[in-house]
Amino acid sequence: QTQLAESGGGSVQAGGSLRLSCAASGYFYSSACMGWFRQAPGKEREGIANINSAGGPNYVVSVKGRFTISKDNAKTTLYLQMNSLKPEDTAMYYCAANRWGCSGTMTIREVDFEYWGQGTQVTVSA
């Protein structure tokens with residue numbers, strides 16, 4: 001049974017950094033895709049970054065240059081390094097994964113992922 005568990009969220013001032021982790025258990029697929037989503041209060045969940053089996057990252061414009069997605073295949077752990085955080089980054093952050101690979105579309109879509117973590121809260125104060 002595949003399970004994803006996020007950690008590393010917290011409260012930080014604007015301009016600060018956080019590193020999120022997502023530990024995957026019961027999961028290892030060579031052609032897989034893993035990603036990060038976030039959901040702010042009153043807003044829909046949005047995909048912000050994904051990474052394919054070869055380690056190639058993809059970011060949405062709002063986080064590109066500030067966030068870095070990476071993974072440790074040996075530990076099946078996904079990371080999201082978040083720098084230069086802004087109050088608008090405040091949200092619940094979720095990791096997600098699938099077995100068949102990244103779609104290659106510009107938009108990182110919920111429907112492309114089948115496994116989800118419970119989320120970790122990130123709060124950025126001005």
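FYI, the numbering just counts along the sequence from 1. Please read these numbers as outputs of a predicted model, since none were measured by experiment.
Using modelled atom types, no side-chain atom of Gln39 and backbone atom of Glu46 make a donor-acceptor pair closer than 3.5 Å. Under the 3.5 Å distance criterion, the side-chain polar atoms of Arg99 are left unmatched by any main-chain donor or acceptor of Ala32. At least one donor-acceptor pair closer than 3.5 Å links the side chain of Asn52 to the backbone N or O of Gly56.
Here Asn50 contributes atom CG and Cys95 contributes atom SG; the two are 13.0 Å apart, rounded to the nearest 0.5 Å. Here the OH atom belonging to Tyr93 is positioned 10.0 Å from the CH2 atom belonging to Trp36, to the nearest 0.5 angstrom. Atom CD of Glu6 sits about 12.0 Å away from atom CD of Gln121, to the nearest 0.5 Å. Here the CG atom belonging to Leu78 is positioned 7.0 Å from the OG atom belonging to Ser70, to the nearest 0.5 angstrom. Distance CD/Glu44 to CZ/Phe37: 12.5 Å, rounded to 0.5 Å.
In this structure the side chain of Gln118 never reaches within 4.5 angstrom of the side chain of Tyr94, judged on heavy atoms. Contact annotation: the side chain of Gln81 never approaches that of Phe67 to less than 4.5 Å [non-hydrogen atoms, C-beta and beyond]. A heavy-atom distance below 4.5 Å is not found between the side chains of Met92 and Thr123. Using a 4.5 Å cut-off on side-chain heavy atoms (C-beta onward), Ile48 and Leu80 make contact. Taking the side chain as every heavy atom from C-beta outward, Trp100 and Glu114 approach each other to under 4.5 Å. A heavy-atom distance below 4.5 Å is not found between the side chains of Tyr115 and Gln3. Using a 4.5 Å cut-off on side-chain heavy atoms (C-beta onward), Trp116 and Leu4 make no contact. The side-chain heavy atoms of Ile69 and Tyr59, taken from C-beta on, include a pair separated by under 4.5 Å.
Annotation for Gly101 and Cys33: closest pair C-CB, 3.3 Å, computed over non-hydrogen atoms. Nearest approach of Met82 to Val122, heavy atoms of both residues: CE-CG2, 3.8 Å. Of all heavy-atom pairs between Arg38 and Ala91, the closest is CB-CB, 3.8 Å. Of all non-hydrogen atoms in Arg66 and Ser84, the two that sit nearest each other are NH1-O, 2.9 Å. In plain terms, the two heavy atoms of Gly47 and Val60 that are nearest each other are O-CG1, 3.1 Å.
Salt-bridge formation is not detected for the pair Lys86/Asp89: no Lys NZ or Arg NE/NH1/NH2 atom is positioned less than 4.0 Å from an Asp or Glu carboxylate oxygen.
In the model, Thr105 has no side-chain atom that pairs as donor or acceptor with a side-chain atom of Thr107 under 3.5 Å.
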Apply side-chain contact (heavy atoms from CB on, under 4.5 Å) to the pair Asn58 and Ile108, showing each step before the final yes or no.
CA-CA 9 Å; Asn58 179 41; Ile108 301 168; 3.8 Å; yes
Go through it in stages, so that I can follow the logic: the residues are Tyr79 and Lys71, the test is side-chain contact (heavy atoms from CB on, under 4.5 Å), and I'd like the CA-CA distance, side-chain angles, deciding distance and then a yes or no.
CA-CA 6 Å; Tyr79 303 99; Lys71 62 178 181 176; 5.6 Å; no
For a quick test of your reading: what N or O donor-acceptor pairs under 3.5 Å do the side chains of residues 8-24 make, sequence neighbours left out?
unit_1: Ser17; atom_1: OG; unit_2: Asn83; atom_2: OD1; d: 2.9

